[in-house]
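Notes follow the structure.
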Amino acid sequence: RLGSYPHGFTARNPGGTLTSSGTTILTTGTGGMGGVADDGGSLSLTGNRIETLGAVSLGLYATVEQAGSQFPASVTGTQLTIVTSGERAHGAMAQQHFLEAPATVTLSDTTITTHGDDAVGLRALSAGTVVASGSNVATEGPGAHGALARSSPSSVTLIDTVVAPTGSQSHGVVAET
């Protein structure tokens, strides 16, 4: 899909569930997302390839933007290949906006590669949670950290995961308040 804000997989609102196996997604354009779970949506992905081309184009994104426990957003992925290209084109991100329902991204046996300035591999914001197990994260670009947790109680948990950032001012793992 080409244009501004193109999305590949989208699951929105309570009960919105999307399951995919072995699918290839390519988005081209500013603000695109390979897969997004939003305000109660849930994505379950296995063996998919996700590629985004464009500034602020995210591989995977879980977000909660409405108040209430009925709005948890979750992305679960196994054996995924995620490649992003563009400024701030993050590999996987969870953003909870400090609301009650959790925003989570849980990955296993997944490879993430980002290309671009400030293109973080794994990113958790405003109480979001990202967990990666048995995965590989490589970033290329200035300020492109392997993993970043910003704003307590955001968290990124790495279990048997390799993080390899390249680029000036790029760090393996960063936690900021």
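Values in this document were obtained by computation on a predicted structure and should not be read as measured data. Residue indices begin at 1 and follow the sequence shown.
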Residue pairs involving [range] (criterion side-chain hydrogen bond (donor to acceptor under 3.5 Å, both in side chains); sequence neighbours excluded):
range            : result
residues 58-71   : Asp39-Gln66, Tyr61-Thr63, Tyr61-Gln95
residues 154-170 : none
residues 98-112  : Thr78-Ser108, Gln79-Asp109

Partner set under side chain to side chain donor-acceptor pair (under 3.5 Å) for Ser42, not counting sequence neighbours: Ser74
By side chain to side chain donor-acceptor pair (under 3.5 Å) - contacts of Glu87 (at least two apart): none
Output all residues satisfying salt bridge (charged side-chain N to carboxylate O under 4.0 Å, His left out) with [X], sequence neighbours left out; order by chain, then residue number.
X      : result
Glu51  : Arg49
Asp117 : none
Arg150 : Glu176

Do [X] and [Y] share a hydrophobic cluster, counting only Ile, Leu, Val, Met, Phe, Trp and Tyr and linking them when any side-chain heavy atoms are less than 4.5 Å apart?
X      : Y     : answer
Val163 : Leu60 : yes
Leu26  : Val83 : no
Leu125 : Val64 : no
Leu122 : Leu58 : no

Hydrophobic cluster of Val131, others only, ordered by chain and residue number, side-chain cut-off 4.5 Å: Ile159
Whichever hydrophobic residues join Val174 through chains of side-chain contacts under 4.5 Å: Val120, Leu148
In Å, rounded to the nearest 0.5 Å, how long is the span from [atom1] of [X] to [atom2] of [Y]?
X      : Y     : atom1 : atom2 : answer
Ser151 : His97 : OG    : NE2   : 10.5 Å
Thr113 : Ile82 : OG1   : CD1   : 9.5 Å
Arg123 : His90 : CZ    : NE2   : 3.5 Å

Is the shortest side-chain heavy-atom distance between [X] and [Y] below 4.5 Å?
X      : Y      : result
Ile112 : Thr139 : no
Thr129 : Val156 : no
Leu45  : Phe9   : yes
Thr10  : Leu18  : no

Side-chain ion pair, Asp38 and Arg12, N-O less than 4.0 Å: yes
Looking at every non-hydrogen atom in both residues, tell me the closest pair between [X] and [Y] and how far apart they are.
X      : Y      : value
Phe71  : Ala101 : C-CB, 3.4 Å
Ala89  : Gly54  : CB-O, 3.9 Å
Thr84  : Gly59  : CG2-N, 3.7 Å
Thr30  : Ser57  : C-OG, 4.2 Å
Ala144 : Ala119 : CB-O, 3.3 Å
Val105 : Met93  : CG2-O, 3.5 Å

Derivation and outcome, side chain to side chain contact (heavy atoms under 4.5 Å, CB included), residues Leu107 and Leu80: CA-CA 8 Å; Leu107 304 172; Leu80 306 179; 4.1 Å; yes
Qualifying ring pair (Phe, Tyr, Trp, His ring centres under 6.0 Å) pairs with a residue from residues 122-144, counting only residues at least two apart or across chains: none
Within residues 133-177 or reaching into it, pairs that qualify as ring pair (Phe, Tyr, Trp, His ring centres under 6.0 Å) - sequence neighbours excluded: His145-His171
